[in-house]
Asker: 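First, the structure itself, so that you have it in front of you.
When reading the values below, keep in mind they use all heavy atoms of this one structure, side chains included, and skip hydrogens, waters and symmetry mates. So that the names make sense, note that chain A is the first sequence line, chain B the second, and so on, each numbered from 1.
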Amino acid sequence: MGDSNRESATGGLDFIRQWVEHDNETGRFAGRVQTRFPPEPNGYLHIGHAKAINLDFSIAREYGGRCSLRFDDTNPDREDVEYVDAIKDDIRWLGFDWGEHEYFASDYFETLYEFAEQLIKKGLAYVDELSADEIREYRGTPTEPGRNSPYRDRSSEENLDLFRRMRAGELSEGRCVLRAKIDMAHPNINMRDPTMYRIRFAHHHRTGDTWCIYPTYDWAHGQSDSIEGVTHSLCTVEFENHRPLYDWFLDALEVHHPQQIEFAPLNLTYTVMSKRKLRELVEGGYVSGWDDPRMPTLRGLRRRGYTPSAIREFLRRVGVSKTESTIDLSMLEYCLREELNRSANRVMVVLDPLKVVIENYPEGEVEEMEAVNNPEDESAGTRRVPFSRELYIERGDFMEDPPKKFFRLAPGREVRLKHAYYITCREVVRDDTGEIVELRCTYDPESRGGGTPDGRKVKGTLHWVSAAHVLNAPVRVYDNMFTAIDPTDVDEESGERWIDNFNVNSLVIYESAMCEPSLASAEPGDRFQFLRHGYFCVDSLDSTAGAPAFNRTVALKDTWAKLQKKEQG
RNA sequence: UGGGACGUUGGCAAGCGGUUAAGCCACCGGGUUUUGAUCCCGGCAUUCGCAGGUUCGAAUCCUGCCGUCCCAGCCA
């Protein structure tokens, strides 16, 4: 992959790399750089996670360090191996490798427990028997200080005994928790005696039933980084408020102290990024699953046809800062087109067909026209595309009464059929209802290959497919998942729901698109440019041998559509 | 009314006391083109949330306002 990510495409070194370099220069961690990506295995990764993954792994690589993968599996109620497998698969797909450095916070449960006893012995943690509701009441508010729990000043001996009984399973769920003893009047609410352990008689996907007390994330996270020897703990800005707490734990324990650095999470226009909302889309049946091609999940993007390299390039261009931001989806789409333009073979597919009969072309004759596979890549070679008397063109490529700027087919007008001949529309055939069902055209035999001896110009070039040689295939055309640039920007007080911004037209299916026959050999995962339409991939789930199903990855830029839209409104 | 963070063009984002205030996307022209694609060329902040101050000189330093985001899980 090289070091293409080293410099943010936006300029010099981003603030995190500047920080790392400064630490290296001052010898803070003896020049060592170690990072980690710490997901909770309770859902699927999305492109926002990709930003963190890219940062963690790239920085480690750039500075000769390493990056590990650690699952923060501290909540058995919602975690599952299904997710750890999916997360690993997605990270590998994105192009990163953690080698043998695969860890779990649950691997540290025993160490964490010992750490907790140390704090109890130091008088820095206590067992609280207040109920969850009472703890909330005692916590105060942002503007009012909290109050000390009546159990706050127990002796270390009593706390130790109680804590050991918690672990032994002698106390019921909710009976009590272990809390850090910090400051109930602290202006930072995270410092008001945060919970370290809760009792939960739950089966953990890795530790099974060996534990009935589980550490909270706030207690486990920083120590896990410390145990692993992480030097730079990168996370999103929402954890900035927690850093003082993590620092407090590390100092109290007198253990290796990583530097936490926070950056702004990634947001994209026309989509949502929270796990909760994505789950709602899946469970509410709005999409077919976590891998629905409309989802911003890595699995969704993968199935949609996005490439890992395009995503990485996107992340590089977006940069890193602490500013709250929402990136234009067009930036992501640009990166994708940029890559696919270079790599995808061109092919002709008619989505919405209109029959064309070439009256002066011999019946029964078939010519094999030579077609360039990729004008951006000569090594992609050429292929043969059958041409005959009856063809299909795109219905939208004909207008009976065209406006001035329309330069496709119209009565009496001549256009070029890509790789084939010039044709002129002579007659429009309609059915009883008045719908246009066929165009009678003539062709110029001299124009074979797409040019004429007299050097005559045509304004339009259309894609087409020979009727007798068509391969029918389902084509799914995807659009933005939401109609609103920020779907979550709703007035809930007046009953508005973010999910009502779901784009009901985000999936349009052409059950039986007319494909050129070469597509019969397309394999799952193959990507093509459907000439004048966009980039498509062969769906990995719904395709069978010889019968591909296609997903539109991204449309080509369409100046004509933009023009039309402008004139309409 | 508490604490933490952030405010540079439509969206990102460089800039770190002396620059005509980079670059990318978007947008708007123009050229090339057998994809209205690609490609190429040009345009796009006399101004850095606002107001003062320091300085020969401020987007960069200081002060005060204003705006936005995060925090009151036994979630992460």
Asker: Given B:C74, B:A13, B:C6, identify the nucleotide with an atom nearest to the side chain of A:Lys322.
Answerer: B:C6

Asker: Please measure how far the P atom in B:C44 lies from the corresponding atom in B:C6, and state the result in whole Å.
Answerer: 32 Å

Asker: Please check this pair: side chain of A:Gln18 against backbone of A:Leu13, looking for a donor-acceptor N/O pair closer than 3.5 Å.
Answerer: yes

Asker: Provide the distance between the two C1' atoms, one in B:G42 and one in B:A59, to the nearest whole Å.
Answerer: 28 Å

Asker: Could you state the CD-P distance from A:Glu313 to B:G23, rounded to the nearest angstrom?
Answerer: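 A:Glu313 atom CD is separated from B:G23 atom P by 17 Å.
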
Asker: Would you classify A:Gly534 as touching base, sugar-phosphate or nothing, given that sugar-phosphate means primed atoms plus P, OP1 and OP2, and contacts are heavy atoms under 4.0 Å?
Answerer: nothing

Asker: Between A:Lys457 and A:Asp128, just flag the one whose closest nucleotide in RNA chain B comes earlier from the 5' side.
Answerer: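 Nearer the 5' end of the strand: A:Lys457.
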
Asker: Of the candidate nucleotides B:A13, B:C28, B:C69, which contains the atom at the shortest distance from the side chain of A:Glu324?
Answerer: B:C69

Asker: I need the CG-P distance between A:Leu266 and B:A13, as an integer number of Å.
Answerer: 10 Å

Asker: Does the side chain of A:His533 pick up a donor-acceptor pair with the side chain of A:Glu394 at under 3.5 Å?
Answerer: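 Yes - a donor-acceptor pair under 3.5 Å links their side chains.
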
Asker: Check every atom of B:A72, B:G11, B:G2 against the side chain of A:Arg139 and return the nucleotide holding the closest atom.
Answerer: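 Nearest nucleotide to the side chain: B:A72.
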
Asker: Within 45° of the six-membered ring axis of A:Tyr422 and under 6.0 Å from that ring's centre, is NZ or CZ of A:Arg456 located there?
Answerer: no

Asker: Heavy atoms, side chains only, cut-off 4.5 Å: are A:Asp397 and A:Val415 in contact?
Answerer: no

Asker: Rounding to an integer number of angstrom, what distance separates B:U68 and B:G73 when you compare their P atoms?
Answerer: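 24 Å, rounded to whole Å.
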
Asker: When you compare B:G2 with B:G10, how far apart are their P atoms, in angstrom units rounded to a whole number?
Answerer: 32 Å

Asker: Determine the sole option in A:Phe249, A:Tyr246, A:Tyr113 for which the ring-ring contact (aromatic ring centres under 6.0 Å, His included) test with A:Trp219 is passed.
Answerer: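 Per the ring-ring contact (aromatic ring centres under 6.0 Å, His included) rule, the option paired with A:Trp219 is A:Phe249, out of A:Phe249, A:Tyr246, A:Tyr113.
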
Asker: Would you classify A:Thr141 as touching base, sugar-phosphate or nothing, given that sugar-phosphate means primed atoms plus P, OP1 and OP2, and contacts are heavy atoms under 4.0 Å?
Answerer: base

Asker: Can you tell me how far P of B:G11 sits from CD of A:Glu333, to the nearest Å?
Answerer: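 Going from CD in A:Glu333 over to P in B:G11 covers 18 Å.
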
Asker: In whole angstrom, give me the gap between the C1' atoms of B:C62 and B:U55.
Answerer: 12 Å

Asker: Any salt bridge between A:Glu240 and A:Arg243, counting N to O under 4.0 Å?
Answerer: yes

Asker: Of all the choices, B:G10, B:C28, B:G73, which nucleotide is nearest to the side chain of A:Lys566 once you look at every atom?
Answerer: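 That would be B:C28.
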
Asker: Go ahead and name the base partner of B:A72; Watson-Crick or wobble counts if both distances stay under 3.5 Å, otherwise write none.
Answerer: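 Checking every strand shown, B:A72 finds no partner, since no pair has both distances under 3.5 Å.
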
Asker: Nearest heavy atom decides the nucleotide; on that basis, is A:Ser330 or A:Phe239 closer to the 5' end of RNA chain B?
Answerer: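 The 5'-side residue here is A:Ser330.
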
Asker: Figure out the NE2/C1' separation between A:His463 and B:U33, and round it to whole Å.
Answerer: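 Rounding to the nearest Å, NE2 of A:His463 and C1' of B:U33 are 18 Å apart.
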
Asker: Provide the Watson-Crick or G-U wobble partner of B:C27, both distances under 3.5 Å; none if there is no partner.
Answerer: B:G43

Asker: Would you mind reading off the distance between A:Phe263 atom CZ and B:A5 atom P, rounded to a whole angstrom?
Answerer: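 It works out to 18 Å between those atoms.
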
Asker: With a non-hydrogen cut-off below 4.0 angstrom, is A:Leu130 in contact with a base, only sugar-phosphate, or nothing?
Answerer: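 It contacts base atoms.
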
Asker: How would you label the contact of A:Val237 with the nucleic acid (heavy atoms, under 4.0 Å): base, sugar-phosphate, or nothing?
Answerer: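 Nothing: the residue A:Val237, judged by heavy atoms under 4.0 Å, touches no strand.
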
Asker: Centres of the A:Phe109 and A:His204 rings: under 6.0 Å?
Answerer: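 Yes, close enough.
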
Asker: Distance check, P atoms only: B:U46 and B:A51, in whole angstrom units.
Answerer: 15 Å

Asker: Indicate whether OP1 or OP2 belonging to B:A14 is found under 4.0 Å from a side-chain N or O atom of A:Gln18.
Answerer: no

Asker: What nucleotide, of B:G29, B:C24, B:G2, holds the atom closest to the side chain of A:Pro187?
Answerer: B:G2

Asker: What distance, rounded to whole Å, do you find between the two C1' atoms, one in B:G17 and one in B:C56?
Answerer: 12 Å

Asker: Grab the CD-P distance between A:Glu137 and B:G73 for me, whole Å please.
Answerer: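 Interatomic distance, CD of A:Glu137 to P of B:G73: 12 Å.
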
Asker: For the pair made of CG in A:Leu332 and P in B:A26, what is the distance, rounded to whole Å?
Answerer: 12 Å

Asker: Atom pairs under 3.5 Å, N or O on each side, protein against nucleotides 36-40 of chain B: can you list them with distances?
Answerer:
unit_1: B:G36; atom_1: OP1; unit_2: A:Arg532; atom_2: NH1; d: 3.1
unit_1: B:G36; atom_1: O2'; unit_2: A:Thr559; atom_2: N; d: 3.3
unit_1: B:G36; atom_1: O2'; unit_2: A:Thr559; atom_2: OG1; d: 3.4
unit_1: B:G36; atom_1: O2'; unit_2: A:Trp560; atom_2: N; d: 3.3
unit_1: B:G36; atom_1: N7; unit_2: A:Arg408; atom_2: NH1; d: 2.1
unit_1: B:G36; atom_1: O6; unit_2: A:Phe407; atom_2: N; d: 3.3
unit_1: B:G36; atom_1: N1; unit_2: A:Lys405; atom_2: O; d: 2.8
unit_1: B:G36; atom_1: N2; unit_2: A:Lys405; atom_2: O; d: 3.1
unit_1: B:A37; atom_1: OP1; unit_2: A:Thr559; atom_2: OG1; d: 2.5
unit_1: B:U38; atom_1: O2'; unit_2: A:Asn341; atom_2: ND2; d: 2.7
unit_1: B:U38; atom_1: O2'; unit_2: A:Glu376; atom_2: OE2; d: 3.3

Asker: For the residue pair A:Asn374 / A:Arg346, report whether a side-chain donor-acceptor contact shorter than 3.5 Å exists.
Answerer: yes

Asker: A:Arg198 side chain: which of B:G15, B:A76, B:C24 is closest?
Answerer: B:A76

Asker: Is A:Glu228 salt-bridged to A:Arg36, going by a charged N under 4.0 Å from an acidic O?
Answerer: no

Asker: Starting from C1' on B:U33, measure out to CG on A:Leu531 and report it in whole angstrom.
Answerer: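 Rounded to whole Å, this separation is 13 Å.
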
Asker: For the side chain of A:Thr74, counting heavy atoms from C-beta on, which of B:G7, B:C74, B:A76 is nearest?
Answerer: B:A76

Asker: For residues A:Asp72 and A:Thr74, is any side-chain donor paired with an opposing acceptor at under 3.5 Å?
Answerer: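 There is no such pair (donor and acceptor under 3.5 Å, judged by atom type) between the side chains of A:Asp72 and A:Thr74.
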
Asker: Among the nucleotides B:A13, B:A72, B:C74, which one has an atom lying closest to any side-chain atom of A:Pro142?
Answerer: B:A72

Asker: If the P atom of B:C48 is compared with that of B:C39, how far apart are they to the nearest Å?
Answerer: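 B:C48 and B:C39 have their P atoms separated by 35 Å.
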
Asker: Side chain of A:Asn241, base of B:G3: donor and acceptor closer than 3.5 Å?
Answerer: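 Present.
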
Asker: Nearest to the side chain of A:Lys562 - B:A72, B:C28, B:G11?
Answerer: B:C28

Asker: Step by step, work out the side chain to side chain contact (heavy atoms under 4.5 Å, CB included) result for A:Arg527 and A:Glu339.
Answerer: CA-CA 11 Å; A:Arg527 296 180 174 86; A:Glu339 176 177 345; over 6 Å; no

Asker: From C-beta outward on A:Asn188, which listed nucleotide comes closest to its side chain: B:A72, B:G3, B:A76?
Answerer: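 Taking heavy atoms from C-beta onward, the closest nucleotide is B:G3.
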
Asker: Identify whether any heavy atom of A:His533 sits under 4.0 Å from a base atom; if not, whether one sits that close to sugar-phosphate; answer base, sugar-phosphate or nothing.
Answerer: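 The residue A:His533 makes no contact with any strand.
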
Asker: Any side-chain N or O of A:Arg200 less than 4.0 Å from the OP1 or OP2 oxygen of B:C74?
Answerer: no

Asker: Who does B:C65 pair with, Watson-Crick or G-U, both distances under 3.5 Å?
Answerer: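 Partner of B:C65: B:G49.
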
Asker: Under a 90° cut-off about 0 for the syn range, is B:G73 syn or anti?
Answerer: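 Syn for B:G73; the angle stays within 90° of 0.
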
